[in-house]
Protein chains: 2
Amino acid sequence: MRAPTDRQSAPETRDRILDAAEALFVEHGFEATTMRMITSRAEANIAAVNYHFGSKDALIQEVFKRRLTELNRRRLAALDRLEAEAGGTPLKPSRIVEAFFGTALEMAADTEHGGHTFMRLLGRTYTEPNGFVRQFLAEEYAGVVERFTVALFRALPDVPREEILWRFHFMMGAMSYAIAGTDALQLFAGTFDDADPERLLSRLMSFLLGGLRAPLPGQGVPGENGRGASKRQ
Amino acid sequence: MRAPTDRQSAPETRDRILDAAEALFVEHGFEATTMRMITSRAEANIAAVNYHFGSKDALIQEVFKRRLTELNRRRLAALDRLEAEAGGTPLKPSRIVEAFFGTALEMAADTEHGGHTFMRLLGRTYTEPNGFVRQFLAEEYAGVVERFTVALFRALPDVPREEILWRFHFMMGAMSYAIAGTDALQLFAGTFDDADPERLLSRLMSFLLGGLRAPLPGQGVPGENGRGASKRQ
DNA sequence: TCATCAATCAAACGATTGTTTTAATCATAC
DNA sequence: GTATGATTAAAACAATCGTTTGATTGATGA
């Protein structure tokens, strides 16, 4: 009777369901994706989801865990490598940013094994209203974000920590939209050639680093004064 | 029998429904928000939504139209003002960015009349999977984005247009997360004090302008090279 | 006073949701 | 061959979804 969730037996159906669910979640969102859509696409029986995962919510969690654990492992590995190379000296902010966001875009560039699909999903889910999804994601992210923000604090000792946190937050937004790419409203006439992930990486990285290293607000830099009263120009 | 949608009669119930729907959409998303939740919160009868709006989809559209039309009107007005002041000379990129994103944050700062609630909703909806919502938003945005990108093309004649479009896209992502603020996963230890919209504006503006003016990719600038092969340090 | 019509109400509609049940199937080990 | 246990299958479950119906209210103008 108990669900043999952790068994390695019959990976066929289980994985087909995960793949189908992942793709459908991107297309329609969590709520709008029904069990029947999933099992139909996976060529499985309706009951298969509850048999293998227990519930729809548990399936959602498993879709994320499968990829996110691996992504964050790579991120931490990249940061470990940087710190090992530096040997105690402070890291360059650009390398830290690259370790975090570059790794993500690397996974997003993998269109063959579903990495691209998943990253599109992940970017959107960051602001997902669904309560339990948020909590799960937050837990999964906590350790990684902690380590990277600490690394940035060390790399940028003169920048207020609060400012760094905000800019990290902004960077996640930019990355999210970068991966969403053509998925997002096709507001821009020529649309995007997000077919080239290599150029996307360098594009995004320039933008992120420009933002991260921008002059701090409230220091009389042109262009960042309030709307109404322009004290200069 | 016909729904008197455009009538000004009895604004009471109609507006209560719009307000309730707006708040609930932010909290739970479109699909997870039921008609009964909306009418219950608005203290109206179930049938009221279909009577006043025709359908749930039409209600969603009306929730957006009510605010988005005004927001984009203000954006265009701000751009008009800039161009009038400049009198033919090219605009400063910072002012253009300010006219677009500053206006949005201005609306997001208005917590009393629901502007804040709506902007949280809007930021998330930009990557909304729901088909008809996306099409509606795209139509509503088309003209505004067109004018602002053209203005940026003029202001930055040396930057490839494709690059400008991408950076505009990135900027929208950063703004979206900026407004989402504490709503987003509370990944960051100290959490945010997004209670102060004035500081948020200057924070975001510094970041956006830093990103917009960043050196173009592929020009040997440190930190934007590929992961594996670092041709310079 | 009565007719009119927008607005509200309780109640029900058929369709679809996630989940469960019960039986059939399959491979493997004895 | 037969028992075992995991997997699949068809069918049904109660609950909830968006929507509609038909009656009732209440204000307005003739």
Side-chain angles (χ1 to χ4, degrees), chain A residues 1-25 27-64 128-133 136, chain B residues 1-25 27-64 128-133 136:
Chain A
M1 191 52 67
R2 63 186 169 75
T5 313
D6 337 51
R7 286 253 180 279
Q8 41 78 281
S9 58
E12 277 256 29
T13 305
R14 221 186 103 95
D15 286 348
R16 278 206 319 276
I17 289 175
L18 284 173
D19 290 338
E22 189 175 65
L24 287 167
F25 288 156
E27 274 181 60
H28 307 100
F30 299 119
E31 304 278 350
T33 299
T34 70
M35 305 283 265
R36 285 160 182 84
M37 290 164 65
I38 296 171
T39 51
S40 165
R41 181 145 168 171
E43 297 187 57
N45 189 274
I46 288 280
V49 171
N50 285 283
Y51 176 76
H52 284 282
F53 301 96
S55 68
K56 185 184 178 181
D57 281 0
L59 169 63
I60 295 176
Q61 232 166 293
E62 195 55 35
V63 165
F64 279 97
E128 166 74 26
N130 186 319
F132 95 93
V133 174
F136 164 73
Chain B
M1 189 57 64
R2 68 191 164 73
T5 313
D6 337 52
R7 286 252 181 280
Q8 41 76 282
S9 58
E12 276 257 31
T13 304
R14 221 185 102 95
D15 285 349
R16 277 206 321 273
I17 289 175
L18 284 174
D19 291 339
E22 190 175 63
L24 287 168
F25 288 156
E27 273 182 61
H28 307 100
F30 300 121
E31 305 277 350
T33 300
T34 70
M35 305 283 264
R36 285 162 181 83
M37 289 164 67
I38 296 171
T39 50
S40 164
R41 181 147 170 171
E43 297 185 57
N45 189 274
I46 287 280
V49 171
N50 285 284
Y51 176 77
H52 283 283
F53 301 95
S55 68
K56 185 184 178 182
D57 281 0
L59 168 63
I60 295 176
Q61 231 165 293
E62 195 56 34
V63 165
F64 279 97
E128 165 74 24
N130 186 318
F132 96 92
V133 174
F136 166 71

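First the proteins, then the strands, lettered A, B, ... as listed; each starts at 1.
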**Request:** Considering just the side-chain nitrogens and oxygens of A:His52, establish if one lies under 4.0 Å of OP1 or OP2 belonging to D:dT8.
**Result:** yes
**Request:** Measure the distance from NZ on A:Lys56 to P on C:dT19 and round it to the nearest whole Å.
**Result:** 8 Å
**Prompt:** NA contact type, B:Ala47, heavy-atom cut-off 4.0 Å: base, sugar-phosphate, or nothing?
**Reply:** base
**Request:** Could you tell me the separation between the CG atom of A:Asn50 and the C1' atom of D:dT8, rounded to a whole number of Å?
**Result:** 14 Å
Determine all donor-acceptor pairs shorter than 3.5 Å in which one atom belongs to a side chain in residues 39-49 of chain B; sequence neighbours excluded.
residue, atom, partner, partner atom, Å
B:Thr39, OG1, B:Met35, O, 2.9
B:Thr39, OG1, B:Arg36, O, 3.4
B:Arg41, NH1, B:Glu27, OE2, 3.2
B:Asn45, OD1, B:Ala47, N, 2.9

**Complete:** Winner on side-chain proximity to A:Tyr51, out of C:dT8, D:dT7, C:dG18, is D:dT7
**Prompt:** Where along residues 36-46 of chain A does a heavy atom fall under 4.0 Å from DNA chain C?
**Reply:** A:Arg36, A:Ile46
**Item:** Protein-nucleotide distance (A:Glu12, atom CD; C:dA27, atom P), rounded to Å
**Value:** 13 Å
**Item:** Spatial distance of atom CD1 (B:Ile38) from atom CZ (B:Phe25) [nearest 0.5 Å]
**Value:** 4.5 Å
**Prompt:** C:dT20 P sits how many Å from A:Phe53 CZ, rounded?
**Reply:** 16 Å
**Fill in**
dist A:Leu59:CG -> A:Asn50:CG (nearest 0.5 Å) comes out at 9.5 Å
**Request:** Give a yes/no on whether any side-chain N or O of A:Thr13 is located under 4.0 angstrom from OP1 or OP2 of D:dT8.
**Result:** yes
**Complete:** With sequence neighbours left out, the residues meeting side-chain hydrogen bond (donor to acceptor under 3.5 Å, both in side chains) with A:Gln61 are none
**Asked** Just how far, in rounded Å, is P of C:dT19 from CD1 of A:Ile17?
**Response** 13 Å
**Prompt:** side-chain hydrogen bond (donor to acceptor under 3.5 Å, both in side chains) with A:Glu31: which residues, sequence neighbours excluded?
**Reply:** none
**Request:** Grab the CZ-P distance between A:Arg14 and D:dA6 for me, whole Å please.
**Result:** 15 Å
**Asked** Can you check the A:Asp15 CG to D:dT7 P distance for me, whole Å?
**Response** 13 Å
**Prompt:** Does anything in residues 45-55 of chain B pair up under salt bridge (Lys or Arg N to Asp or Glu O under 4.0 Å), and if so which pairs, sequence neighbours excluded?
**Reply:** none
**Minimum-distance nucleotide (side-chain atoms of B:Met35 versus D:dC17, D:dT7, D:dT19)** = D:dT19
**Request:** Under the side-chain hydrogen bond (donor to acceptor under 3.5 Å, both in side chains) rule, collect the residues that match up with B:Asp19, sequence neighbours excluded.
**Result:** B:Arg66
